[in-house]
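Structure first, commentary second.
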Protein chains: 2
Amino acid sequence: MAAANVKDVAALARVSIGTVSNVLNRPEIVSPETAERVMQAIEKLGFVRNDAARQLKAGRSNAIGLVLLDGANPFFTEMATAAEDGAARAGFSVIVGNSNEKKDRESGYLNLFEEQRVRGILISPVGNVAPRLRRIRDHGIPVVLVDRTSPDSSFSSVSVDDVTGGAVAVTHLIDSGRRRIAFVGGAMSIRQVSDRLQGARIAVGMRADVSLEVITTAALVVSEGREAGRAIARRPASERPDAIFAANDLVAIGLLQGLLMEGRIAIPDQIAVIGYDDIPFADASVVALSSIRQPTRLIGETAVEILLEEADDPTLEPRHVVYQPELVIRDSSGGPAA
Amino acid sequence: MAAANVKDVAALARVSIGTVSNVLNRPEIVSPETAERVMQAIEKLGFVRNDAARQLKAGRSNAIGLVLLDGANPFFTEMATAAEDGAARAGFSVIVGNSNEKKDRESGYLNLFEEQRVRGILISPVGNVAPRLRRIRDHGIPVVLVDRTSPDSSFSSVSVDDVTGGAVAVTHLIDSGRRRIAFVGGAMSIRQVSDRLQGARIAVGMRADVSLEVITTAALVVSEGREAGRAIARRPASERPDAIFAANDLVAIGLLQGLLMEGRIAIPDQIAVIGYDDIPFADASVVALSSIRQPTRLIGETAVEILLEEADDPTLEPRHVVYQPELVIRDSSGGPAA
DNA sequence: GGGGTGCATTGAAACGCTTCAGGAAGAAGC
DNA sequence: GCTTCTTCCTGAAGCGTTTCAATGCACCCC
C-alpha cells in the first residue's frame, strides 16, 4: 500500500540506491543486465518516482506558472493551451491559475508559484504587481508579461498592438464606404479597450468626413453589447451609425442580437459590425462576424520561449515582442452601406 | 540571490530552525516576542517556504489532479473552475490537464500526478484507463470519474443523466406540437451522443404519430452543424423536419446558421431547434437557443467533495451521483410549428 | 608483474522542511 | 527546600531523491 521508494527497488534488484537512480536518469552509464534487473524491480513494485524529493534536491521544479486574466474567455484559454504545448516540448509542465481579474487570487497564485519554485512565471497582471514581480525576479524566477507591456520595460513582454488593431478595424469600415462610425466597449480602464479606441481615433483622425461616436459599456460581455444594440436600433434611422466597431467579439455578438432581433436592422447593409479577438464563435454567429485576429497561439508559445531562455541565462536583457493583429473580413462588414 | 531558507531565518532571529517552523505552522505555541522576531527575519530575507521540502516531509501534496476531455469546450472549463473553487475552499489547489481526447496526453498527466503524489485524481477518461486507475488507487490515491460512470462501479462518479436529458428535449418538442423530429449529432461512439439519442428514442417511442430521423455528424462542432443545416434547408419543405434536437450547442448553433442564412427558414416557426449543454453562447446566438442545462458547477464541486472524503477515509464505498439535466426554453423552440 | 585506464557500482552527503523527545527556567504546591 | 508543572525552545532525525568521490575490478601495455 505505501508507495515503494528507491530503497525498496534497490533491495529487490540487489544493487545500491545510487544505481537505481542512475538507471532512471542516466541509463547509458549502467550495464544492460543491471538496468534490466532494476527495471523489473521497478515494474514489480509499481515504483513511481517521488517528484517532491527530486525537486528538493534539484532546488527548483520543472513547472512554469501562468496567471490568466479570465478563464472564461476563449482567447485566454487558447493562449494557455499554446503555452502548455510549448512548455511540454521543452519538458516542462504549466500550472495554470485564473485570477479572474481579482487581485487577491492573483496574489494567491504568485505565492503558490513561489513556494513551488517554478522555473518562471507568465502573467497578464490585474493589479499593480510590478514591485512584487521584481522581488520574485530578484529571487531568480524570471517573469514574462503576456498581452500587456511592462510600464518600465524591465520585464520581457509579449503583446499585440491593439492601437494598430483598432486602426485597422476602423480603416476597413471607412474603406468600405462607412462614414458614421460608433465604438462600443468598456470599461475604459482596461488597457486593451482604451488602446483599441485610440487606434479607432487615429484611423478617423485622418478623415474630416468621418465621425466617431463612443458608446461606453460596463464590461466586455454579450449582455452589454445587446443593450447597446437595442438602444441604437431604437434611434431614428438618420441618427444611427452606419458601422460599429466593438471592443471585443462578445460585445459584437451582443450587438448583432440587439440590432437584428430588436430592430430588424439589416447587417451589414444598414449597419456594418466588426469585433475583436476572432474567437471561435465569431465565425459561428448568425451573421458571421468580421473581427481582428490576434496570433493567440503564437503569443503563448513565444512567451514560453522567452521565459525559458531567461531561465537559462538570467543576465539576458528584457525583450519586448509586439505582434501585429490581422483583419478578418466576414459577412458582418461586407459590402457598402445602404 | 539564492533563496533564503529556514536556517538563514533562524540565524538572523537567533532561534533554532524548529522555532521558525513553529512560527509558520503553529504560531500559538511560540511566545509573541519570539514570533515577532522571526517574522521580521522572514520579512527581511524575503523568505519563502520551499514547498518541495514540505511535501517530501509530509509524504503527499496539497494538490488535486484533474484530467479534462476538451479544454476548448466551455462546459469543461466551467467545471474545472468550479472544481478549483471547491478545492480552494478546502485548502487544496487543482492541477488541470487537458487530454484533448488523446490517450497519450491522458497517460502523461496521470504520470505527472502520480509523481506529484497528488491527493486525488478527477478524470473524464478517454481511453480504457480503468486498470491504470485501479493501480493508482491501490497506491492510495483516490480517483473520481467525472461526467462518466464507471463501467464496473468500482470508482466513485459524478455524472448527468444524458438519457433523461435527451428525453426531456424531445418531449418538449413534441409537447409544443412538433411531429417530424430530427436528431443531429455524432460520432455515435461518444457515450454522451448515444445516450442523448437513446433518450430521444424513448420520448418518441411513446407516440405513434411522431417520427424521428437521425442525421449523423462526424464531430460535435459548429461546421458540422452548419453543413447539416444547409442540407436540410435544401430539401423540399414537405420533407423537412419541423424540429431538430442537436447533440450539443455547438452543433445547434451551426444548424441555426445553415437554416437561417442558407435556407431563409424561419426559426422556430418552420423548424424548432434545441441544443444541449447550455453553454454561455447559447443565449448569445441570434435566435436564442433552447437547450438542456447541466449543473456544470455542481458537478465539479461534488466531484471534489467526494474525492476529498475518500482521501480522508480510503475505506469508503464508492458513490455514484447522477444529476438530472434541466430544460431551458428560449426563442429557438418557442411557439407551435407553422 | 606492476602500473595505468576505464567502466560499473557503491555509500554517504546534501537538499529544506517538520516533528518530536527532551531540556532549561521559572512558577506553584507541599 | 524539594518536587512537580508549565511554558518555551532546542537539536537531531528523517522524508526520497540525486550526485559525486571513492572503490573494485578487469583489462591492457610495457
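So you know, we letter chains A, B, ... as the sequences are listed, proteins then strands, and number each from 1.
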Open item on the list: Do Glu84(A) and Asn98(B) pair up side chain to side chain, a donor and an acceptor below 3.5 Å, judged on atom types alone?
Closed with: no
Open item on the list: Tell me the interatomic distance from Ile17(A), atom CD1, to dA14(C), atom C1', rounded to whole angstroms.
Closed with: 12 Å
Task: Distance-only polar pair, side chains of Tyr109(A) and Ser93(B), donor-acceptor under 3.5 Å - done: no
TODO: Would you please say whether a donor-acceptor pair under 3.5 Å links the side chains of Asp51(B) and Gln55(A)?
DONE: no
- [ ] Step through the shown structure and confirm whether more than 12 heavy atoms of other residues, nucleotides or ligands are within 6.0 Å of CZ on Arg60(B).
- [x] no
TODO: Let me know the distance between CZ of Phe47(B) and P of dG16(C), rounded to the nearest Å.
DONE: 10 Å
TODO: To the nearest Å, give me how far apart CD1 (Ile42(B)) and P (dG16(C)) are.
DONE: 16 Å
- [ ] Starting at atom CD of Glu115(A), determine the distance to atom C1' of dG16(C), rounded to an integer number of angstrom.
- [x] 13 Å
Open item on the list: Nearest whole Å is fine: how far is dT9(C) P from Asn22(A) CG?
Closed with: 9 Å
- [ ] Please state how far atom NZ in Lys7(A) lies from atom C1' in dG11(C), giving the value in whole angstrom units.
- [x] 13 Å
Open item on the list: Is there a side-chain contact between Thr19(A) and the phosphate of dA8(C), meaning an N or O under 4.0 Å from OP1 or OP2?
Closed with: no
Open item on the list: For a quick test of reading the model: is some side-chain N or O of Asn50(B) closer than 4.0 Å to OP1 or OP2 of dC17(C)?
Closed with: no
Task: For atom CG of Asn62(B) and atom P of dT18(C), their distance in whole Å - done: 12 Å
Open item on the list: Reading DNA chain D in the 5' to 3' direction, which nucleotide is the first one with an atom under 4.0 Å from a heavy atom of chain B, and which is the last?
Closed with: dC8(D) to dG16(D)
Task: Polar contact flag, side-chain donor to acceptor under 3.5 angstrom, Asn100(B)-Glu106(B) - done: no
TODO: Could you tell me whether the side chain of Thr19(B) and the main chain of Val15(B) form a donor-acceptor pair under 3.5 Å?
DONE: no
